[in-house]
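These notes concern the structure reproduced below.
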Number of protein chains: 2
Amino acid sequence: MLGEKLRELREAKGLVQRQVAADLQVDTAYISKMEHNEKPVSRNHLKKLSKLYSVAENDLLPIWLADKVLQLVENEKFSVEALEMALNKVKQK
Amino acid sequence: MLGEKLRELREAKGLVQRQVAADLQVDTAYISKMEHNEKPVSRNHLKKLSKLYSVAENDLLPIWLADKVLQLVENEKFSVEALEMALNKVKQK
DNA sequence: TTAGTCTTGTCCTTTAAAGGTCAAATATAG
DNA sequence: CTATATTTGACCTTTAAAGGACAAGACTAA
């Protein structure tokens, strides 16, 4: 989810991975992997990316977190039940 | 959540931590911490505990996973949004 | 008061994930 | 064809979490 989004944003800005990589000070392979969801995106990188792509960090954060959640529950038999329980807990607070 | 549940189950069985600890081959401090949510419960331990307490592992698994999810999203601003997104994704599959 | 239970803090080791790089292979545009 | 962009896999180092022991203290109940 986040990877696809990041790719869209980058292309919308007309940037190549090399430019993004330079900004984050990593190599292009790393960017590629982020966009393929093969490497997690750190919060710091997320912040820089949101700046670079001119979107509010708050637009990206829910997706970013949802990705993490999905990764945690993937392949779990009771993912739905667990997410529903978690959601209830979080909401009631 | 899980910790409290484990404590209830243990007490319902009339077991003391020492006995549970022996079964899992850890010390009582470890059990105490599990019941206080200060140490994560491994899947293996969860399985053993469910046997020991005579409950279906499937009764415990959703709670166990929900706990992990909650820990992941705690202190996050967009926990609700993220959980809702994750839930949708998981459901549609 | 003593025995048994439980709790808490500190410490340690091992495992796994994060966070990368590099080189080579692939695709794509000109 | 060649240059540029991207992808992929293998590898590496660093950081953080898991998993756990131990000792000391607190809390009962007898």
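As the structure is a prediction and not an experimental result, all values here were calculated from the model. Naming convention: chains lettered A, B, ... in sequence-line order (proteins, then strands); numbering from 1 in each chain.
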**Prompt:** When you check every protein heavy atom under 4.0 Å of nucleotides 9-24 of chain D, what one-letter string (B, S, -) results, 5' to 3'?
**Reply:** BB-------SBBBB--
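Considering only side-chain N and O atoms, A/Gln17 lies under 4.0 angstrom from the phosphate OP1 or OP2 of D/dT7. The side chain of B/Arg18 places no N or O atom within less than 4.0 Å of a non-bridging phosphate oxygen (OP1 or OP2) of C/dT7. The side chain of B/Arg7 contributes no N or O atom lying less than 4.0 Å from OP1 or OP2 of C/dT5.
Here the C1' atom of nucleotide D/dT8 and the CG atom of A/Asn37 are 15 Å apart, to the nearest Å. Between the CG atom of A/Leu6 and the C1' atom of D/dT7 there is a distance of 17 Å, rounded to whole Å. Between A/Glu35 atom CD and D/dT7 atom P the separation is 7 Å, expressed in whole Å. Whole-Å rounding puts the A/His36 NE2 to D/dA5 P distance at 16 Å.
The closest donor-acceptor contact from the side chain of B/Gln25 to the backbone of B/Ala22 lies at 3.5 Å or more, if one exists at all. A side-chain donor-acceptor contact under 3.5 Å links A/Gln19 to the backbone of A/Val16.
No more than 12 heavy atoms of other residues, nucleotides or ligands lie within 6.0 Å of NZ in A/Lys89, so this atom counts as exposed by the packing criterion.
Taking the charged nitrogens against the carboxylate oxygens, A/Glu76 and B/Lys68 have no contact shorter than 4.0 Å, which rules out a salt bridge. Salt-bridge annotation for B/Lys51 and B/Glu57: absent, with no side-chain N of the basic residue lying under 4.0 Å from a carboxylate O of the acidic one. Note on B/Lys33 versus B/Glu38: no salt bridge recorded, every NZ/NE/NH1/NH2 to OD/OE distance being 4.0 Å or above.
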